[in-house]
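Note on naming: letters A, B, ... go to the chains in the order of the sequence lines (proteins, then strands), and numbering restarts at 1 for each one. All of these numbers come straight from a predicted model, not from anything done at the bench.
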Amino acid sequence: MRKSFSERVFTIVKKISRGRVLAYKDVARLAGSPSASRAVGNILNKNREPRIPCHRVVRSDGTLGGYNRGAKKKLEILRKEGAKI
DNA sequence: CGTATGACGTGCA
DNA sequence: GTGCACGCCATAC
């Protein structure tokens with residue numbers, strides 16, 4: 001039984017190094033569906049596991065996108081990590 | 001299965 | 001550069 005798309009997304013996001021940011025589109029592509037950017041965000045939103053640095057996932061435009069704990073916090077973390085938006 | 005939802009992406013005015 | 005509309009996919013009901 002293959003892991004669900006959501007599990008793949010978690011695995012990929014967990015692999016993101018510090019200071020590195022991936023776009024939902026990129027994560028979806030790595031997950032196996034290059035156009036499932038929407039699904040990626042949807043899954044991350046419903047599953048906010050602390051082991052998942054979802055704050056390292058931003059939009060392709062370079063905008064933050066969203067964050068369950070507050071987009072403001074996300075910006076702070078990215079800024080601290082060295083990821084400039 | 002069909003409908004509804006959503007942290008998106010791209011195109012066009 | 002900004003704003004709006006359509007499309008695309010996975011999950012939940």
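- Within the nucleic acid shown, Phe5(A) comes within 4.0 Å of sugar-phosphate atoms alone, with no base atom in reach, counting heavy atoms only.
- In this structure, the side chain of Asn68(A) engages the main chain of Asn45(A) through a donor-acceptor pair within 3.5 Å.
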Which is it for Leu44(A) and Val27(A) under the side-chain contact (heavy atoms from CB on, under 4.5 Å) test, yes or no, and what are the steps along the way? CA-CA 11 Å; Leu44(A) 288 174; Val27(A) 177; 5.9 Å; no

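- In this structure, Arg29(A) contributes its side chain and Pro34(A) its backbone to no donor-acceptor pair below 3.5 Å.
- Each of Ser33(A) and Arg38(A) lies near DNA chain C, and the nucleotide nearest Arg38(A) is the one positioned closer to the 5' end.
- A side chain to side chain contact (heavy atoms under 4.5 Å, CB included) with Val9(A) is found for one member of Val40(A), Ile52(A), Asn47(A), Asn42(A) and no other, namely Val40(A).
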Show your reasoning for whether side-chain contact (heavy atoms from CB on, under 4.5 Å) applies to Thr63(A) and Val58(A). CA-CA 6 Å; Thr63(A) 40; Val58(A) 296; over 6 Å; no

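- No continuous path of ILVMFWY side-chain contacts below 4.5 Å connects Val21(A) to Val13(A), so the two sit in separate hydrophobic clusters.
- A salt bridge links Glu81(A) with Arg56(A): at least one charged nitrogen is closer than 4.0 Å to a carboxylate oxygen.
- For Lys25(A) (side chain) and Arg59(A) (main-chain N/O), no donor-acceptor pair under 3.5 Å exists by modelled atom type.
- Map Asp61(A) and Ala39(A) each onto its nearest nucleotide of DNA chain B; the residue landing nearer the 5' end is Ala39(A).
- Judged by distance alone, with hydrogens and angles left aside, the side-chain atoms of Lys14(A) form no donor-acceptor pair with the main-chain N or O of Arg51(A) at under 3.5 Å.
- Across all strands shown, Ala36(A) has heavy atoms under 4.0 Å from sugar-phosphate atoms exclusively, and none from any base.
- With a 3.5 Å limit on both pairing distances and Watson-Crick or G-U wobble geometry required, the stems of 3 or more pairs in DNA chain B span B:2-6 with C:9-13, B:8-13 with C:2-7.
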Would you please test Ser33(A) and Phe5(A) for side-chain contact (heavy atoms from CB on, under 4.5 Å) and show each step? CA-CA 9 Å; Ser33(A) 297; Phe5(A) 191 79; 3.6 Å; yes

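- Protein chain A contacts DNA chain C from dG7(C) to dA12(C), reading 5' to 3' and using non-hydrogen atoms of the protein with a distance under 4.0 Å.
- Near DNA chain C, meaning a heavy atom under 4.0 Å away, there are no residues from residues 67-74 of chain A.
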